[in-house]
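A short write-up of the structure that comes next.
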Amino acid sequence: MKFKDLPIVVKVAVLFTFFNTWVIFEECVIDRFGYWQYLPMYKKGIFCTWDILFILIFVLLLFPIRSWINKMCVLERCKLCS
């Protein structure tokens, strides 16, 4: 079974699992060793732009935009869908 064939609930659960892994990495590596000083716009211990960037990257990896465009397209042969 391919990942794209799984239900949306499973895909969202995978996204949350990867986000939890990111949070643990932030707490155990970035915050403890002081690497947060070298990351622009990083807020120690709270939700910040790096968290948003991480979520966006994984959403784009897990839910490709091309499949959304193909589902919403009303034309049979447009340049975006082909």
Side-chain angles (χ1 to χ4, degrees):
M1 179 176 262
K2 293 184 178 181
F3 185 77
K4 68 178 183 176
D5 299 332
L6 294 174
I8 191 76
V9 175
V10 175
K11 292 179 183 180
V12 170
V14 169
L15 177 67
F16 281 129
T17 302
F18 281 117
F19 183 71
N20 284 337
T21 304
W22 168 251
V23 169
I24 290 171
F25 176 78
E26 278 185 317
E27 290 177 1
C28 293
V29 176
I30 295 174
D31 291 346
R32 280 192 189 163
F33 295 111
Y35 294 135
W36 58 271
Q37 297 172 357
Y38 306 108
L39 298 172
M41 297 183 293
Y42 182 82
K43 306 273 194 276
K44 185 176 178 183
I46 61 173
F47 194 75
C48 67
T49 54
W50 288 92
D51 298 326
I52 295 170
L53 179 66
F54 183 83
I55 290 172
L56 286 176
I57 289 171
F58 268 89
V59 165
L60 292 176
L61 290 175
L62 294 179
F63 307 105
I65 293 176
R66 181 175 285 285
S67 65
W68 291 353
I69 292 173
N70 289 342
K71 289 178 185 176
M72 292 187 292
C73 188
V74 293
L75 302 173
E76 287 186 27
R77 294 184 181 184
C78 70
K79 290 184 180 182
L80 284 175
C81 296
S82 55

Let me confirm one number: the [atom1]-[atom2] distance from [X] to [Y], rounded to the nearest 0.5 Å.
X   : Y   : atom1 : atom2 : result
K44 : E27 : NZ    : CD    : 11.0 Å
T21 : F54 : OG1   : CZ    : 7.0 Å
I55 : F16 : CD1   : CZ    : 8.0 Å
L53 : I57 : CG    : CD1   : 4.0 Å
F58 : K11 : CZ    : NZ    : 15.5 Å

- Task: Decide if atom CZ of F33 counts as having more than 12 heavy atoms of other residues, nucleotides or ligands within a radius under 6.0 Å.
- Result: no
Membership question, hydrophobic clusters at under 4.5 Å side-chain separation (ILVMFWY): are [Y] and [X] in the same one?
X   : Y   : answer
L15 : I52 : yes
V23 : F47 : yes
F18 : V9  : yes

- Task: Could you name each residue pair satisfying side chain to side chain donor-acceptor pair (under 3.5 Å) that touches residues 46-63, not counting sequence neighbours?
- Result: W22-D51
Let me check something: any side-chain donor-acceptor pairs from residues 36-43 under 3.5 Å, sequence neighbours excluded? List them with distances.
from, atom 1, to, atom 2, distance (Å)
Y42, OH, D31, OD1, 2.9

